[in-house]
Amino acid sequence: MTSTTVERLRNFIGGEWVDSQSTKSEEVRNPALDEIIAHVPMSVPAEVEQAVKAAQEAFPEWRRTPPVTRARYLLRLIELLETNFDSLSRTQTMEHGKTIDESRGETRRGIENVEVAAGIPSLMMGYNLQDIASGIDEYVIREPLGVFACIPPFNFPFMVPLWFIPYAVATGNTFVIKPSPSVPISQVRLHELMDEAGFPPGVLNLVHGGADVGTQLMEHPDVKGITFVGSTKVGKLIYKKCGEMGKRAIVQGAAKNFLVIMPDTDVQGTIASMLTSFYGNAGQRCLSGANAVIVGKDDGFYRSFVDAFVDAAAKIKVGNGLEEGIQMGPLQSRDKKERVVGYIEQGIREGARLLLDGRHVRIEGDYPQTCFLNPTVFENVTPKMTIGREEIFGPVASFMRAADLDEAIDLIHSLPYGNAASIYTNNGSWAREFEYRVQAGNIGINVGIVAPMAFFPFSGMKESFFGVLHGQGQEAVRFFTESKVVIRRWW
Amino acid sequence: MVVKDMNLQTAASVISCVSKIEEASAALYERLADLHPELKGAFFAFAKENRKHESNVRRAYYNIVSDALETGFCFDLAVDAMLTAPVLPDEASSLEILHAFIRLEEEIRRFYEKAAAQSKSLLADVPRAMERVAKARTEREKELQKLIDAAKGDS
């Protein structure tokens, strides 16, 4: 495929697909093939302005549309998403690199959010009390606010925006998204289906671009709130700016998640779960396991567990995610691979023991090695080391030891993040203690990827989350609406 | 075309294998039904049932698939190539065919039982769907045995 035949993606503004006026584009590459599959324009400020204006103009009419009618657009969208399920999944694999199982999982989780949001007539109900004083009633209405924007990450090109978009529009707001320029195609396909579902022009808008487009959206006076998933460093800046401007914000930041293995655990099930946690999505996930802590002083158990894990990790089939037998795809780009390689080298320099070296790339099939890494395993890691402390965002597992559960929990709390933490045990008392004390927003008990279902909030604490309300479910409905209190008396 | 034996680890590959197994065995039942009118009714019913099994297992997978599940690491299945491309000679007698089908159904049942056991508690509703198909295969073996007994009685 030559670059002249590759699609230049378009913006979706005011119900129209429009070619960007910008002369600047970036390449969108299939990381497994190391081939260009699209060009994404770096939109100019005027286009961002047009998108926000279109959303603002669509808001009054959309806000007056009854919730049950707004829900029906979502029901139509669900039908289209199900019909295009495999095609949407394949698109995610082609632009991100994840396996087809993982892409299908992402598609399913995305659709679940649309399903939950379609229940908006019930979800958006307020509450009331008659006769707060004789003849005087009081009630609460939930109202939409206006235009919201989303700056999503690269690692879940289809799903993460759906933590927010369906709830925003179901509650009567309008929306502008700036997809990640690394993986914009999934959002283009989603918006094509939203267009086909018949949403009125301007309710949903898509503008491609880089950080400057995100900044413009964040600073735009007509944008009432921002939803962001990305690094803690950028997330803090966004949250601070939104605070200064009086905007709402959901800001999901970085993570360094611990998996705590108690000595009574079911070893086989735990290892399968940990493999998914560390190496699913090639480790490019805010819920990925990062540090595994084996609890107890039994050296025999430690050694046999780690050896079994390394043995299983070494057998993982790495390759093109479109092939059904592949268990781990490439990193999303060459840059991301090189960043992970840098961490591996740092781990070696800082004295961690390398048990499995993912830099020795073995791919199933004849594919360029550009973005591929194999699973890596370290032991003797501490939270003081770079690899034990910083988010690697790649297929690297670091093993630590703790004498008891208290020490394991202290290890977790020694880091500033609080996205997820899991314990593997058959002991209810240990599990409850873990659940009770650990400061992480998503807690797993014998679950390695603590991904909340769409009807629960995607939580997060400490440096992993900034905000009050989270994406998904009822919290998203509250985020996208304001409470208006009415006290009423009739003469 | 030579179909090689397969070693399956991922949910996607197992679901594809289920499709191949059910479609190949359904097509075989239908082909032999045309050659053996005395078995036509039963064989066409089996073929229809096979496609329903495929649809049920596939639907279970698509309904629950999630990146949070251990879809990449829940199986370690060695699959005989014969399961996805079963061969029975046209000239075989009814009895020979029925015996061959019982053996095939046993192999298919064992595939589902093993797949369900391996993925139990890792793949939500999928192992249960597979257990139901395995149970249905046990009933199928009994029906085939009845057909064998009837065929022996006639001869």
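As the structure is a computational prediction, the values presented were derived from the model and not from experiment. Every chain is numbered from 1, with letters handed out A, B, ... down the list of sequences.
Highest contact tally toward chain B, considering only Lys98(A), Arg109(A), Arg104(A), is held by Arg104(A) [criterion: heavy-atom pairs under 4.5 Å]. For chain B, the option among Thr107(A), Ile449(A), Thr276(A) with the highest count of heavy-atom pairs below 4.5 Å is Thr276(A). Comparing Leu8(B), Asn63(B), Ile15(B), Val14(B) by heavy-atom pairs within less than 4.5 Å of chain A, the highest count is held by Asn63(B). Put simply, of Glu102(A), Met328(A), Arg285(A), the one with the most heavy-atom pairs under 4.5 Å next to chain B is Arg285(A).
Note that CD of Glu112(A) is 7.5 Å distant from OG of Ser66(B), once rounded to the nearest 0.5 Å. The CZ atom of Phe73(B) lies 4.0 Å from the CD1 atom of Ile316(A); values are rounded to the nearest 0.5 Å.
When the shell of 6.0 Å around CZ of Phe85(A) is examined, it contains more than 12 heavy atoms from other residues, nucleotides or ligands. Counting heavy atoms of neighbouring residues, nucleotides and ligands inside a 6.0 Å radius, atom CD of Gln268(A) does not exceed 12 of them. Atom CZ of Arg90(A) has 12 or fewer heavy atoms from other residues, nucleotides or ligands within 6.0 Å. Within a 6.0 Å sphere centred on CD of Glu79(A), heavy atoms belonging to other residues, nucleotides or ligands number 12 at most.
Contact of Asp86(A) with chain B is made through the side chain alone, with heavy-atom distances under 4.5 Å.
Between Asn7(B) and Lys317(A), the shortest heavy-atom distance links the atoms O-NZ, 3.6 Å.
Ser273(A) and Glu70(B) share a side-chain donor-acceptor pair at under 3.5 Å. When only modelled atom types and interatomic distance are considered, Arg108(A) and Tyr62(B) share no side-chain donor-acceptor pair under 3.5 Å.
Proximity of a side-chain donor or acceptor of Asp101(A) to a complementary backbone N or O of Gly72(B) within less than 3.5 Å is not detected.
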Between Ser16(B) and Glu324(A), does the side-chain hydrogen bond (donor to acceptor under 3.5 Å, both in side chains) criterion hold? Intermediate values first, please. CA-CA 8 Å; Ser16(B) 274; Glu324(A) 288 178 338; 2.4 Å; yes
